[in-house]
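These notes concern the structure reproduced below.
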Amino acid sequence: MENARDSRVRVMVWAGVVAALTLGFAIVPFLTDNLSFMFYMMLWIIMASAFNFVAGLAGYMPFGYVAFYGVGAYATGILYKTLEFPIPLALIGAGLTGATVGLLLAPTLRLRGVYFGIVSLALAMAAKLTISLMPADLTGGSLGLILSSANDPLAAYYAMFVVLLLLLATATWLSMSRTGTALRAIRDDQEAAAVVGVNVVSTRMKAWISAAVFPALVGGVEAWYTNAIDLESSFNLLITAKSIVYAMAGGLGYLVGPILGSGLLYGVDQLIWRQFPTLNLLLLGVIIVLLMLMLPRGIVGAFAQRFSKLRKYIP
Amino acid sequence: MLRIEGLRKNFGGLKALDGLDFEVPPRSILGVLGMNGSGKTTMLNCINGVYIASSGSIQLDGKELTGLKPAQIFDRGVGRTFQVPRVFSRMTLWDNLAVPLLSRSMTRAERDEIRATWLKKVHLFDLRHNYAEELSGGQQKLLELARIMVSRPKLVLLDEPFAGVNPTLSRLLIDVIRDMPGETGCSVVLVSHDLTSIYELSHDIIVMHEGRILARGDAETVQSNPDVVEAYLGA
């Protein structure tokens, strides 16, 4: 029987991961002036983990995931620059905008598999087009928005840190609660889940909205950190691609998977970038292909398969 | 317990179910025989809400089930298995059995006890930390049965439980199914092509043909019915 000890060990492993991340990212500003590497490490951990909510737990593959990031960035910029909201309120507005866009797109959850993925991608393009058609005095037009008056990298770093803490709390709730179990059942077989009492519509909505709010917040905080927002950067499909790759490399469906995948691959990405700037994308691509071929379930998934007796301890 | 009256299901011009009427008394096993395409699985799909009946009434303990969604029908006490087992493949056996209990108010100890009881009953307890996809097809059928039974259903719908199962596991399945009404108080609707198992387990049998009931009665009555002999049993 899965006794209380097994469950306790799993919770302790996860608590250890959360404590290490919290402590590590909290003290970085006291150790170095170069915040950028750790800022973007947090960004990718959040993006990949939130992607895991909807892909790893609920079984949806939103190729248009970047839409939430983009609308979050623009919501922050418009609220701060045009409507003169203070940055904290603008960021809350970005999160709410992400949730609203998530609700608007919720009917697409009726689709499954590649159909959902393609529609999601098309809607991301539609979101980009919608913003490009909005009045230029609101969005900055083709030049985008500059937020230099809000420049405060350290504050932006800690804002991302707060988003990371919120993400970890949400991940804990989604994965270890009854909702998490129901989501995994939906991922494996939606119809069978309904037949054993799972409310499919409301359960997957929880994962979907969670997966919409975090990239929107991240888009807003990143806009604050870089002080610049433009359509090409905010709706760059590489953001979706990296979120997927980092989450899958670590292991979809596990809480620690996207964290490990983001930490590892982002680190490798930066290393290659410094050593071989011209071959960066090529070498990173080769590493990703090898990883997917050799470990299709990701690092954590492969570990769980190889050491099946330890599986019950992996959060 | 279960009362079905005038149940019809049409797919366009095709009458998949053409006015079914039958009852399943408490603590009994109803065997359902029929050739491929006779409407057996469609009937199960209508009872548990996967399909919405075109007309007719499905009542469990006097309460109408027609029009409810599968999750609501499960909450009323109806569980089912599928012809091809549909386990939650990337979840452990232990977690598979947690899913039907999500909407039940039980203590953790109660949940653990009933999961352990049913996994032991179907001889899968030692594999409880394995992923369901690592089981054989026959073991997945046993897991699916255990997954339903942990929720203490009033009515269990079993769709071809013996198909593709080796004789040893088939024997185990037969023993478990036979004991279910007595041990848990449930009733069972057992759809199968396996005549031996149906005759051995069922208190009552209906034979379906082209969406209608061709014959009903105990094993002896059904076997000697000339319509059944001609349409289904051959010879």
Side-chain angles (χ1 to χ4, degrees), chain A residues 1-10 52 55-59 175-204 206 251-254 257 296-298 300-302 304-315, chain B residues 44-45 47-50 69-82 84-104 108-109 111-117 119-120 125-134 144 147-148 150-151 153 157 159:
Chain A
M1 194 180 307
E2 188 191 70
N3 54 38
R5 193 185 74 89
D6 296 342
S7 177
R8 210 166 38 239
V9 171
R10 190 169 63 243
N52 188 40
L57 296 180
S175 178
M176 296 189 172
S177 65
R178 293 180 174 206
T179 303
T181 306
L183 278 171
R184 282 189 288 271
I186 292 170
R187 171 198 64 195
D188 285 356
D189 191 326
Q190 184 170 306
E191 193 177 305
V195 162
V196 291
V198 173
N199 186 331
V200 173
V201 175
S202 75
T203 306
R204 69 186 177 192
K206 288 175 192 168
L252 281 173
Y254 297 95
R297 290 179 180 227
V300 179
Q305 204 166 22
R306 175 73 183 80
F307 304 101
S308 57
K309 288 194 172 156
L310 296 176
R311 191 181 283 161
K312 58 192 173 188
Y313 302 129
I314 304 173
Chain B
L44 296 189
N45 283 335
I47 296 173
N48 89 313
V50 173
K69 292 182 175 166
Q72 295 170 309
I73 291 175
F74 171 82
D75 287 337
R76 300 278 177 96
V78 179
R80 81 165 285 183
T81 65
F82 295 89
V84 177
R86 296 175 72 166
V87 295
F88 303 125
S89 54
R90 284 179 285 168
M91 294 172 74
T92 63
L93 275 58
W94 191 250
D95 285 344
N96 262 267
L97 267 59
V99 179
L101 303 177
L102 293 173
S103 55
R104 301 284 194 263
R108 185 187 171 126
R111 287 203 306 270
D112 286 356
E113 188 186 340
I114 197 162
R115 284 192 282 178
T117 300
L119 281 177
K120 283 175 185 165
F125 184 72
D126 292 341
L127 300 173
R128 64 196 179 281
H129 295 307
N130 284 55
Y131 287 133
E133 67 187 3
E134 294 165 356
E144 214 184 16
R147 190 178 68 187
I148 286 305
V150 293
S151 67
L157 312 173
D159 196 356

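Values below: all heavy atoms of this structure, side chains included; hydrogens, waters and symmetry mates excluded. Sequence lines set the chain letters: A, B, ... in the order given, protein chains first and strands last, and positions in each chain run from 1.
- B:Glu133 touches chain A through its side chain: at least one heavy atom from C-beta onward sits under 4.5 Å away, while N, CA, C and O do not.
- Closest of all the heavy-atom pairs between B:Leu101 and A:Arg178 is O-NH1, 4.1 Å.
- Taking every heavy atom of both residues into account, A:Val195 and B:Phe74 meet most closely at O-CD1, 3.3 Å.
- In this view, B:Arg86 and A:Asp189, A:Glu191 satisfy the salt bridge (Lys or Arg N to Asp or Glu O under 4.0 Å) rule, not counting sequence neighbours.
- Within the 4.5 angstrom heavy-atom criterion, only side-chain atoms of A:Ala304, from C-beta onward, approach chain B.
- At a 4.5 Å heavy-atom cutoff, B:Arg76 makes no contact with chain A through either its backbone or its side chain.
- Looking at B:Lys69 and A:Asn199, their side chains never come closer than 4.5 Å, going by heavy atoms from C-beta outward.
- Annotation for A:Thr181 and B:Asp95: closest pair CG2-O, 4.4 Å, computed over non-hydrogen atoms.
- Interface check for chain B: of the options A:Ala182, A:Ala185, A:Gly253, the most heavy-atom pairs under 4.5 Å are formed by A:Ala185.
- In this structure, chain A has no heavy atom under 4.5 Å from any part of B:Ser151.
- Ranked by heavy-atom pairs under 4.5 Å with chain A, the first of B:Glu144, B:Glu134, B:Gln72 is B:Glu134.
- We find the CG-CG distance between B:Asn96 and A:Asp188 to be 7.5 Å, quoted to the nearest 0.5 Å.
- For chain A, no part of B:Ile73 is nearby; none of its heavy atoms comes within less than 4.5 Å.
- The contact between B:Tyr131 and chain A is made by backbone and side chain atoms together, counting heavy-atom distances below 4.5 Å.
- A search for salt bridge (Lys or Arg N to Asp or Glu O under 4.0 Å) contacts involving B:Arg104 returns B:Asp75, not counting sequence neighbours.
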